[in-house]
Colleague: 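I have a structure here, written as structure tokens, and I will follow up with some questions on it.
Every value quoted in this text rests on a predicted model; they were computed, and no experiment measured them.
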There are 2 protein chains.
Amino acid sequence: MVVAISPVMNTPRISDSEWEVMKAVWDHEPLTAVEVLKHLPHDQWKQKTVNTFMNRLETKGVIRAERVGRPNVYRSLISEKQCRGMEGSQFLKKVFRGEVAPLMLHFIENGDLSKNDIAELKQMLEKRYRPDG
Amino acid sequence: MVVAISPVMNTPRISDSEWEVMKAVWDHEPLTAVEVLKHLPHDQWKQKTVNTFMNRLETKGVIRAERVGRPNVYRSLISEKQCRGMEGSQFLKKVFRGEVAPLMLHFIENGDLSKNDIAELKQMLEKRYRPDG
DNA sequence: GACATTCGATTACAATCGTAGTCAATGGTG
DNA sequence: CACCATTGACTACGATTGTAATCGAATGTC
């Protein structure tokens, strides 16, 4: 019997600029490369550059192109959440030595949280404290 | 009158591997390149590689070499805290679109916080809520 | 002081990233 | 159907990163 090997898609690395593109994709997919540009700061991005990124992202397996009509239509293959997971754990390990608490402290001190944010976070922490509460 | 321009040391980018080296530096400075290697996973780092990084980090202005005795002695010029600041705000912007709350939520859900961590964080949030409390 | 050893500065080199340009095919227009 | 415009595939190219090797200078040894 042949055992199917689980298709471990170990999330590829997504560079800074690729993230910008991907945010446009996640927010508006399915979309074309031209549409992607529309959702990016127009003065900082040229169409050709966007195109290159679409290609690279497809090669990396982050998106998929439907080569059907004339303008290619793209969809994400990996969700923003998944990417946040990867990027987040890398960041945590790299910058905060894998310790979540100092990281949290850092962002509590440096980020500007609204009163609402703070309330919400406290609630979240409560729940975590007593998972069934 | 000549106005002194504040010496804005806009923190340079520090790559993943450079971060590893810098952690050794921050933890044990002042130290030599040979000592840096001692504090890194020995099987993953060669002395020559470490050396290259020391050079690059000096070029970038992250560390400084004292060329006095024979083995160069290195010190950091930028603190871990400063670097965390830079790296943190980039990460926040790139991955969480600049919104701190979702970031925090993410790490509350994904990181494993101890009861103690949670208590501490709640306290921090309290303080933030009433800054003079 | 001659020689072996140790270190640092310089050089190397492939992969990835940012930023496009070229060129050819596809598709709309008259 | 001939032509022009759009668009995608491929190519380009310098900077950065990861990973070292080479080569020459400073140091310690006899």
Colleague: Do any pairs count as a salt bridge (charged side-chain N to carboxylate O under 4.0 Å, His left out) and have a residue in residues 94-109 of chain B, sequence neighbours left out, and if so which ones?
Modeller: A:Asp16-B:Lys94, A:Asp27-B:Arg97, A:Glu80-B:Arg97, A:Glu87-B:Lys94
Colleague: Within this structure, what is the CD-to-C1' distance between A:Glu20 and C:dC17, rounded to whole angstrom?
Modeller: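 Interatomic distance, CD of A:Glu20 to C1' of C:dC17: 14 Å.
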Colleague: What residue pairs, at least two apart or across chains, pass ring pair (Phe, Tyr, Trp, His ring centres under 6.0 Å) with a residue in residues 43-69 of chain B?
Modeller: B:Trp45-B:Phe53
Colleague: Using only side-chain N and O atoms of A:Lys60, determine if any of them is under 4.0 Å from OP1 or OP2 of C:dC17.
Modeller: yes
Colleague: Name all residues meeting the side chain to side chain contact (heavy atoms under 4.5 Å, CB included) criterion together with A:Glu66; count only those two or more places apart in sequence or in a different chain, and write none if there are none.
Modeller: A:Arg64, A:Val68, A:Val73, A:Arg75
Colleague: How would nucleotides 4-14 of chain D be written as a contact map, 5' to 3', with B for base contact, S for sugar-phosphate-only contact and - for no contact, using protein heavy atoms under 4.0 Å?
Modeller: ---SBB--B--
Colleague: Which pairs would a plain distance check flag for residues 34-42 of chain B, meaning a side-chain donor or acceptor within less than 3.5 Å of a matching protein atom at least two apart in sequence or in another chain?
Modeller:
residue	atom	partner	partner atom	Å
B:Glu35	OE1	B:Thr32	N	2.9
B:His39	ND1	B:His28	NE2	3.3

Colleague: Starting from C1' on C:dG18, measure out to CZ on B:Arg13 and report it in whole angstrom.
Modeller: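 Atom CZ in B:Arg13 sits about 12 Å away from atom C1' in C:dG18.
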Colleague: Sequence neighbours excluded, which residues qualify as side chain to side chain contact (heavy atoms under 4.5 Å, CB included) partners of B:Ser76?
Modeller: B:Met22, B:Val25, B:Trp26, B:Glu29
Colleague: For D:dA20, does OP1 or OP2 lie under 4.0 Å from any side-chain N or O of B:Thr49?
Modeller: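 Yes, B:Thr49 has a side-chain N/O under 4.0 Å of OP1/OP2 on D:dA20.
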Colleague: B:Arg13 vs B:Met86, test: side-chain contact (heavy atoms from CB on, under 4.5 Å). Steps then yes/no.
Modeller: CA-CA 9 Å; B:Arg13 293 208 78 160; B:Met86 268 305 124; over 6 Å; no
Colleague: Roughly, in whole Å, what's the span from CG in A:Leu57 to P in C:dG18?
Modeller: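 Result: 10 Å.
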Colleague: Does a side-chain N or O of A:Lys46 approach OP1 or OP2 of C:dA20 to a distance below 4.0 Å, or not?
Modeller: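 Checking C:dA20 against A:Lys46, a side-chain N or O does come within under 4.0 Å of OP1 or OP2.
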Colleague: Nearest-Å distance, CE (B:Met54) to P (C:dT10)?
Modeller: 16 Å
Colleague: To the nearest angstrom, how far is B:Trp45 atom CH2 from D:dT19 atom P?
Modeller: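 Distance check: B:Trp45 CH2 to D:dT19 P gives 7 Å.
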Colleague: Mind calculating the distance between CG (A:Asp16) and P (D:dT16) to the nearest angstrom?
Modeller: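 In whole Å, D:dT16 P and A:Asp16 CG are 14 Å from each other.
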